[in-house]
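Here the structure is laid out as structure tokens; the discussion comes afterwards.
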2 protein chains.
Amino acid sequence: MVTLKHLAEQLNVSVSTVSKALKNSEEISPETIERVQALAKFLNYKPNRLAVSLKSSRTNTIGVIIPNILNHFFAKALFAIEQEASKHGYNIITCLSNEKQSKETDSLQLLSNGSVDGFIVSIAEETQINNNLDHLNAIIRQNIPLVLFDRVSDEINCDKVVIDDFGAANEATNHLVSEGRKNIILIGDIENLSVGKLRTNGYLDAIEKASGYSENPKVYTIKKKDKVEDVVTQLFDENPKVDAIISIDNVSGVAALQKALQLNYKVPEDLSIIGFSDENVLPFTYPKLSTISQHTIDIGKSSVSLLIDRLKNEDETDKMKTKTIKTNLVLRGTTK
Amino acid sequence: MVTLKHLAEQLNVSVSTVSKALKNSEEISPETIERVQALAKFLNYKPNRLAVSLKSSRTNTIGVIIPNILNHFFAKALFAIEQEASKHGYNIITCLSNEKQSKETDSLQLLSNGSVDGFIVSIAEETQINNNLDHLNAIIRQNIPLVLFDRVSDEINCDKVVIDDFGAANEATNHLVSEGRKNIILIGDIENLSVGKLRTNGYLDAIEKASGYSENPKVYTIKKKDKVEDVVTQLFDENPKVDAIISIDNVSGVAALQKALQLNYKVPEDLSIIGFSDENVLPFTYPKLSTISQHTIDIGKSSVSLLIDRLKNEDETDKMKTKTIKTNLVLRGTTK
DNA sequence: TTGAAAGCGCTAACAT
DNA sequence: ATGTTAGCGCTTTCAA
């Protein structure tokens with residue numbers, strides 16, 4: 001690896017001269033600058049990031065902790081985060097908590113010692129269930145900027161990026177009611193999560209307030225040990241007269257649609273289905289799934305923006321911000 | 001941030017004593033060790049990784065460059081890489097080339113200055129098309145260990161992890177022939193990639209050698225600008241008598257299946273379909289898609305293993321290894 | 001215009 | 001058993 005020292009020796013000047021020359025410092029004569037830069041280029045000199053960071057206490061690196069990269073929502077969020085970070089000259093160190101609190105804690109600990117300038121985190125399922133947030137609050141106490149997205153907590157005082165989960169599910173349910181549906185069932189695998197609870201409440205609220213709706217609300221939860229397909233099958237077994245399904249995660253809607261078609265329900269004549277996802281998880285189904293569309297790219301980008309703003313004004317004690325990203329109800333082929 | 005110096009001052013000992021005490025050095029008295037570790041724990045001391053790395057020239061970080069995180073194959077590979085790396089005490093810095101050569105080059109450059117100990121890379125599409133591999137060979141010239149996976153090149157002398165693309169497609173095609181299929185069509189969106197070419201050749205070879213097969217081989221390519229669905233539709237329009245489809249990417253098989261069902265083909269009676277993917281991209285279709293199954297977790301894990309081996313024996317000039325991960329032909333519902 | 005020196009936080013060889 | 005020193009590669013103040 002070629003260092004300033006190498007260059008300095010080759011050129012018979014001091015290290016500090018080289019350093020300044022590479023930065024086009026006014027202090028250095030044009031000829032020297034020329035010579036230094038020429039050699040640097042020739043030898044493909046690149047400043048050692050570790051040394052620069054150690055010196056400056058800035059790493060230009062963001063630690064990103066994602067619960068589950070196999071979930072398309074998080075893959076897309078990571079995509080957006082990387083793109084936006086990269087645009088601003090930041091690298092990302094990615095850790096995957098795999099929904100485990102221990103992994104989340106370890107990653108946070110490991111990186112909070114000068115490895116990153118700040119964190120973007122979506123909270124692991126286990127952490128949300130236990131509601132043990134010490135490790136996250138420890139980061140805040142160390143004054144390391146933190147942005148939470150999607151899976152957030154009121155008990156952590158930091159910048160956040162969320163969607164209006166309650167409102168989105170509420171709107172979708174209201175749409176189904178306005179279609180004249182009388183037996184609307186909710187299905188999902190995220191009841192443990194903050195977002196899952198909000199979405200479920202949005203559904204319950206809409207059902208409760210629906211005039212002329214007599215059925216009780218029904219919620220089917222897919223647990224870790226369950227197979228999505230089995231729960232879907234059970235739903236249809238137990239509710240042959242179901243006329244609308246709202247899915248609050250990004251796979252069970254597709255599963256419900258496939259099962260419904262297999263059982264010869266007419267979609268959307270007999271049965272409406274609304275999924276919850278960034279875009280159609282399966283763009284190839286027929287009919288195409290209607291969805292509550294969350295703008296995942298915006299979620300990722302906003303997270304980076306909030307973090308970088310905070311990084312720039314670390315002294316300023318701005319109030320922490322919560323940014324809510326709009327959702328859309330996109331009616332495609334599985335609603336009337 | 002609490003440093004050795006802080007601890008040393010508080011305890012009235014020298015920095016080096018603290019450093020050694022934290023490592024349970026024999027040189028230090030048990031009492032001192034006790035005192036030091038107690039305070040370190042109390043103050044939640046964590047060694048600064050930058051300083052340790054700068055000193056030791058080892059970062060315990062792997063640079064991972066992925067062409068497209070929205071492709072489930074790469075998401076899963078990243079999942080496996082992170083898991084295996086983490087198991088061995090390595091962090092990963094993730095860069096997404098988004099199939100662009102420029103981004104791939106930038107990331108490689110940026111991280112090759114002491115930020116990472118080695119790289120795991122799958123080559124961007126643009127890079128493979130242009131076949132401009134200077135940036136990768138530059139890494140090798142700097143003696144930075146590099147492992148390529150999936151999308152590799154003969155012109156780069158490094159460790160590699162691949163699957164037997166030719167053999168897998170060959171076997172799948174032979175299966176279709178043995179089913180008695182007479183009009184087997186290949187579809188895919190990766191003709192530009194090394195793996196795409198190999199898979200296509202595997203198909204062509206099988207067709208050529210199939211006794212009693214009279215049709216010419218037919219290949220449908222989905223270009224960047226095309227929509228998968230449109231190409232699938234075109235395939236069925238132009239070949240109403242198609243009786244088997246083999247997909248060499250991980251989405252077009254699903255699209256073909258959905259389209260076939262919509263067109264009222266009987267699957268698998270009239271038409272067999274074989275996809276190419278880790279697992280069923282859409283586990284909810286009916287019938288379930290038969291696939292060439294690539295063991296993506298193994299691909300990711302092996303990449304990490306090869307890299308770590310190389311890192312441990314950087315002096316040893318072992319021959320570079322290419323590891324081939326087995327594939328399986330998994331016959332589910334879309335083959336006879 | 002250039003260079004010397006200190007220091008970021010840590011380790012390790014070499015005193016004491 | 002503990003401390004001093006030098007140095008990883010870089011930046012920056014201060015001196016020449």
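The analysis underlying the following values was restricted to heavy atoms, covering all of them including side chains, and did not include hydrogens, waters or symmetry mates. So you know, we letter chains A, B, ... as the sequences are listed, proteins then strands, and number each from 1.
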Integer-rounded Å distance: C:dA12 P and B:L22 CG: 13 Å
How close or far is atom C1' of C:dA5 from atom NZ of A:K55, stated in whole angstroms? 11 Å
Show the numbers, then the answer: is there a side-chain hydrogen bond (donor to acceptor under 3.5 Å, both in side chains) between A:E82 and B:T94? CA-CA 8 Å; A:E82 201 277 345; B:T94 313; over 6 Å; no
Given C:dC10, is OP1 or OP2 found less than 4.0 Å from the side-chain N or O atoms of B:S19? no
Considering every strand and a 4.0 Å limit on heavy-atom distances, what is the contact class for A:T3: base, sugar-phosphate, or nothing? sugar-phosphate
Is the shortest side-chain N to carboxylate O distance from B:K103 to B:E126 below 4.0 Å? no
Which residue lies toward the 5' end of DNA chain D, B:T17 or B:L54, if each is placed at its nearest nucleotide? B:T17
With distance as the sole test, does B:E104 use its side chain to make a donor-acceptor pair with the main-chain N or O of B:I123 at under 3.5 Å? no
Taking the side chain from B:E84 and the backbone from B:V304, do they hold a donor-acceptor pair closer than 3.5 Å? no
Is the backbone N or O of A:V36 less than 3.5 Å from a side-chain atom of A:Q10, with the two atoms forming a donor-acceptor pair by type? no
Examine the side chains of B:T127 and B:R151 and answer whether a donor and an acceptor come within less than 3.5 Å of each other. no
With no hydrogens and no angle check, just 3.5 Å: does a side-chain donor-acceptor pair link A:Q142 and B:N44? no
Please check: side-chain N/O of B:T296 versus main-chain N/O of B:A77, any donor-acceptor pairing under 3.5 Å? no
Strand contacts (DNA chain D) in residues 23-43 of chain A, 4.0 angstrom heavy-atom criterion: A:K23
Most 5' of B:S57 and B:N12 on DNA chain D, judged by nearest nucleotide: B:N12
Return the 5'-most residue of the pair B:K46, A:S14 with respect to DNA chain C, ranking by each residue's nearest nucleotide. A:S14
Taking any heavy-atom pair under 4.0 Å as a contact, classify B:V13: base, sugar-phosphate, or nothing. sugar-phosphate
Quick one: A:L50 CG to C:dT11 P, roughly how many Å, whole number? 14 Å
Span of DNA chain D in contact with chain B (heavy atoms, under 4.0 Å): D:dA1 to D:dG9
A:N132 side chain vs A:D134 backbone, donor-acceptor pair below 3.5 Å: yes
What is the distance, to the nearest angstrom, from the NE2 atom on B:H6 to the C1' atom on C:dC8? 12 Å
State which of C:dT2, C:dC14, C:dC8 makes the closest approach to the side chain of A:K20. C:dT2
